[in-house]
Amino acid sequence: MGLHTGEPLLTEEGYVGIDVHRAARIATAGHGGQILISQSTRDLVGGDRVRDLGKHRLKDLTAPERIYQLGDATFPLLKTLDRTNLPIAATPLVGRERELAELTELLRDETRLVTVTGAGGSGKTRLALQVAAELADEFRDGVFFVPLAPIQDAALVAPTIAQATGVRGLDDLGEVEVLVVVDNLEHLLPSVSELSSLLAVAANVTLLVTSRVRLRVAAELEYPLEPFAEDEAIEFFVDRARALKRDVRRDPSVAEICRRLDGLPLALELAASRVKVLDPPLLLERLGRRLPVLTGGARDAPVRQQTLRATIDWSYALLETRLQAVLRRLAVFAGSFSLNAAEQVAKAELDEISALVDWSLLKPIGAGRFLMLETIREFALEALEDGGETEEVRDRHLDYILALVEEAEPNLTGADQREWYDRLAVEHDNVGEALSYACDSGDGERALMLAGTIWRFWWNRGYTAESAHWYARAFAVGDDVTPTARARGVFGAAHIAEARGDAEQARIDFEEAVRLLGEIGETRWLILALTHLAGAYRTLGDPERTDGTHQEALALAQQSGDVRGAAVVKSNMASVLLADGDEDRAAPLFAEALEGHRSVGDVYGMASCSASLAIVAFRRGEVEHAARDFSESLRLSSSIGDTHSLVVILANSVPVVLARGDAVRTTQLCAAVGALCSAHGFELDQGDRQLLDETVAAARRSLGERFDDAWAIGEELELPAAVDLALEALD
């Protein structure tokens, strides 16, 4: 048992922090039945029945701790560090429990050479030192640390290892059993052959190497070290910050700081050093540009680790010229990118991408995609600007994203629509980056084409506020553009006005879109613009123009052979009849529309028609039929991630849930709909809003005092949880 007195952090998972680590280290130094206490505990409880065991270096590698034993029993020597030159660390290791366990197990399994690779500042050295400390008792002749960062000549690596381990030459290690930590080998790769030779002649020598690139030798097992997971990053930041300011606590600003810094330990440590003058919310404001803020590391740290810029520059300087150029060009991608995109935009080749992955400057994330940490990306963007390549590369990036969006648009309503929605989802950060460049450079043509063509994705995925921002920016620079770009931009903006409940603005925009699309002969788009314009007329109370515009759209769809367009118009015409209470005429139209959508594999249309048929069934008193159709609609919309439709379907389904006798789930779902509308900038139309309000009132009467508790639970539901709750209530 180890006892230590200090101040831990209390989280949802329990107590964490330096003092918790220290207590654990004291415990592991002892033997079964032995009770050990730290100096701070001894100072509080006094010296009775306590025996001084002297100062010991614990395996957390910090300064020696005086340890006391409770009672007079005799035990073997404490299991603390003895024969080693491992340096004293300023603080215990925080986080990395999984990595620590995996690496120690690898080395216990007689893996002779393990290389820990990772980006600069990812904590490779600190983890390797901790692994060595954990294994100190298991290597008869000790564990040794060999720092190579100050060495610039590969010929000096072997003598440096020999000196650190206390032998005349590497050949003398043949008779000893040691673990050697070789730190920062990336700039001395020609020496790797000597390490291979050492392993061949010294059967009991084990090497743990840290490097930003793998060594590429036969005996090597590479262990890539990722940045911290979210919880570890927060614990690490708070731990370091509290060394300077004790009242720093885990809060949303701290979590966002950790996210923006990619969970990179060095970046977090440098940021934490600023909390003495900048509270976390103020520090967060300063992190728009990371590198200038992340300076001022510990004076006893290596120079390259006193600022994050110097750490990244160390890696950059070690690259071949061609790899430096590729890294700079890849920085135009926001979020992740595909190999195909890298080839087209950055003129990169597969072996160059592989080399940058080896150097831990890119991270493969699966499905053929790669990610550059934002801290590295900021450095690379500055290098791109300094090299005068920014405009050329960003121009290619914009062309690539625009071509992708134009290819995706007609496929978002076809049989492969889920695949295309997913493709746009993973590229969404790049869409924003491309739009930003187009608007900043005054390229209204491509800005409006891109924003207008991706409208359906934004609409269905709930990007109402973000898309409104981009339409405003694109129109601000889009005076002199082609009719096609203008038509698409206006068409997309009209949907945002519609989603926000601004029927008059929607009418204005759809009327302009109809005129422009008619002039350029974009029939498929024109059909959609006409039927949405009819909807705006309906909302504004003009039934004659509503019917006439719908009839014009349907005739155009039928003449052009647009099966899906005809289905959309029929569904919208049926919705008008349903709103007027004419279920008998609405039902067959919805059924025809459903069949049309089904024939072309349009999941979005099938989901919409199923929900409408559910409303018809409910009005006819067919509650179970309505429940089945709403379930089908929710599942279809969920399959394509259609945020907008899911919220509307939830709003329409709550009366069915109440009719089935579940007032609690009804209340929770009503609250969720309201919260989700606010979160995504949606406005339910007048009929849906009235239906929801009536259902809320009925549920309140049913639940009485229990209503508020159920409502509070529902307000906290995310969309997937709300959909699951609705399906439970409907199935």
#### Entry: Any donor-acceptor N or O pair under 3.5 Å, side chains Thr104, Glu134
no
### Message
Donor-acceptor pair, distance only, cut-off 3.5 Å: does the side chain of Asp262 make one with the backbone of Leu264?
### Response
no
### Query
If you measure only the distance, is there a donor-acceptor pair under 3.5 Å linking the side chains of Asp251 and Ser253?
yes
### Query
Within a strict 4.5 Å, meaning less than it, do heavy atoms of the Arg66 and Asp52 side chains meet?
yes
### Task
Taking ring-ring contact (aromatic ring centres under 6.0 Å, His included) as the test, write out the residues that go with His187, two or more places apart.
Trp314
### Query
Checking Arg49 against Tyr68: charged group under 6.0 Å from the ring centre and within 45 degrees of the axis?
no
### Whether Gln34 side chain and His31 backbone form a donor-acceptor pair below 3.5 Å
yes
### Min side-chain heavy-atom separation Leu384-Val393 under 4.5 Å
yes
### Query
Does Arg98 come within less than 4.0 Å of Glu102, counting only side-chain N to carboxylate O?
yes
#### Entry: Residues that Arg396 engages under salt bridge (charged side-chain N to carboxylate O under 4.0 Å, His left out), provided they are two or more places apart
Glu392
### Query
Checking Arg249 side chain against Val238 main chain: does a donor-acceptor pair fall under 3.5 Å?
no
### Message
Any non-hydrogen side-chain atom of Arg240 less than 4.5 Å from a side-chain atom of Leu268?
### Response
no
### side-chain hydrogen bond (donor to acceptor under 3.5 Å, both in side chains) involving Thr5 - partner list, sequence neighbours excluded
Thr41
### Pair Glu222-Thr117, side-chain donor/acceptor within less than 3.5 Å
yes
### Task
Drop me the distance from Ser191's OG to Leu148's CG, to the nearest 0.5 angstrom.
7.0 Å
### Query
Taking atom CD1 of Ile376 and atom CG of Leu330, what is their separation to the nearest 0.5 Å?
12.0 Å
### Task
Would you check if Asn204 and Val178 make a side-chain contact, meaning some heavy-atom pair closer than 4.5 Å?
no
#### Entry: Pairs meeting criterion salt bridge (charged side-chain N to carboxylate O under 4.0 Å, His left out) with involvement of residues 352-372, two or more places apart
Arg214-Asp358, Arg216-Asp358, Glu226-Lys363, Arg322-Glu352, Arg369-Glu427
### Query
Just by distance, do the side chain of Gln344 and the backbone of Ala348 share a donor-acceptor pair under 3.5 Å?
no
#### Entry: Test: Asp231 and Arg250 ion pair at under 4.0 Å
yes
### Task
May I ask you to say whether Lys124 pairs ionically with Asp183, meaning some side-chain N is under 4.0 Å from a carboxylate O?
no
#### Entry: Spacing of OG1 belonging to Thr160 relative to CD1 belonging to Ile151, to within rounding of 0.5 Å
4.0 Å
### Any side-chain heavy-atom pair of Phe370 and Leu339 under 4.5 Å
yes
### Query
Can you list the residues that meet the side-chain hydrogen bond (donor to acceptor under 3.5 Å, both in side chains) rule with Glu177, with sequence neighbours excluded?
none
### Message
Check whether Thr165 reaches the backbone of Ile161 with its side chain - one donor and one acceptor, N or O, closer than 3.5 Å.
### Response
yes
### Query
Can we say Glu138 and Arg108 salt-bridge, meaning some charged N sits less than 4.0 Å from an Asp/Glu carboxylate O?
yes
### Query
Would you say the side-chain atoms of Ser360 pair up with the backbone N or O of Arg212, donor to acceptor, closer than 3.5 Å?
yes
### Task
Report yes if the side chains of Glu433 and Phe333 come closer than 4.5 Å at any heavy-atom pair, otherwise no.
no
### Query
Atom CD of Gln324 and atom CG of Leu318: how far apart are they, to the nearest 0.5 Å?
9.5 Å
### Message
Quick check for you: to the nearest 0.5 Å, what is the distance between Glu374 atom CD and Leu381 atom CG?
### Response
8.5 Å
### Summary
Rounded to the nearest 0.5 Å, the CD atom of Glu105 sits from the CG atom of Asp109 at a distance of 4.5 Å
### Task
Would you mind reporting whether Leu319 and Trp359 have side-chain heavy atoms less than 4.5 Å apart?
yes
### Query
Side chains of Gln130 and Arg126: do they bring a donor and an acceptor to under 3.5 Å?
yes
#### Entry: ring-ring contact (aromatic ring centres under 6.0 Å, His included) partners of Tyr316, counting only residues at least two apart
Phe379
